[in-house]
Amino acid sequence: MFNRNSLVVCLFVVACNGSSSSTSDAPAASGDVQACDAVGSAYCARAYACLSADQLVQYQLPATQAECVDQENANCGSATPEPGFCKGAAQTSAQAATACAADLNGTSCSDFTQPASGSDVCKTELCAS
């Protein structure tokens with residue numbers, strides 16, 4: 001049987017162990033992670049503001065914007081952040097991710113639903129090839 005005191009000790013141990021990390025699996029710098037997160041948040045905000053329910057299904061996006069953000073940002077804490085937008089590739093830099101997020105945030109719905117142009121920072125600079 002699991003008692004309350006055991007739970008407190010268990011949570012304390014998990015919290016303490018979770019705060020240390022080795023250099024071999026060190027997470028990305030916080031600026032890189034924040035920039036990666038910004039891309040997912042901006043993409044999902046535009047998608048749920050601009051796309052119909054049928055289009056969201058077509059693009060295989062989850063039911064809610066919050067679930068989309070979780071999905072898009074799932075690999076942002078990796079040693080090399082991978083925005084969901086990059087489909088498994090790492091972001092090239094925090095600067096490129098920040099520029100992409102700004103571009104997405106400033107995009108109108110009519111532009112968001114059109115194919116990206118060759119000068120689109122998200123398409124040309126965000127993802128490592």
Shortest non-hydrogen separation from [X] to [Y] and the atoms involved:
X	Y	value
A42	N105	CB-OD1, 3.3 Å
G40	E72	CA-CB, 3.8 Å
P83	A89	CD-O, 4.2 Å
G31	A94	O-CB, 4.0 Å

Partners passing side-chain hydrogen bond (donor to acceptor under 3.5 Å, both in side chains) against [X] (at least two apart in sequence or in another chain):
X	result
S129	none
Q55	S52
T64	E67
Q65	none

Please name all residues satisfying side-chain contact (heavy atoms from CB on, under 4.5 Å) with [X], sequence neighbours left out, ordered by chain then number.
X	result
S41	V69, N73
A38	A101
A99	V121
D70	none

In this structure, SG of C86 is separated from CD of Q91 (nearest 0.5 Å) by 7.0 Å

Separation between CG (D103) and CZ (R46), nearest 0.5 Å, reads 11.0 Å

Q. Counting only heavy atoms not in Q60, do more than 12 sit closer than 6.0 Å to its CD atom?
A. no

Between the side chain of T98 and the main-chain N/O of A35, is any donor-acceptor distance below 3.5 Å?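 No, because the side chain of T98 does not come within donor-acceptor range (under 3.5 Å) of the backbone of A35.
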
* Hydrophobic cluster mates of F85, side-chain heavy atoms under 4.5 angstrom, ILVMFWY only, any path? ->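 Its cluster partners, ordered by chain and number, are V39, Y43, Y48, L51, L56, Y59, L61, L104, F112, L126.
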
Residues joined to V57 in its hydrophobic cluster, side chain to side chain under 4.5 Å directly or through other members, sorted by chain and number, are none

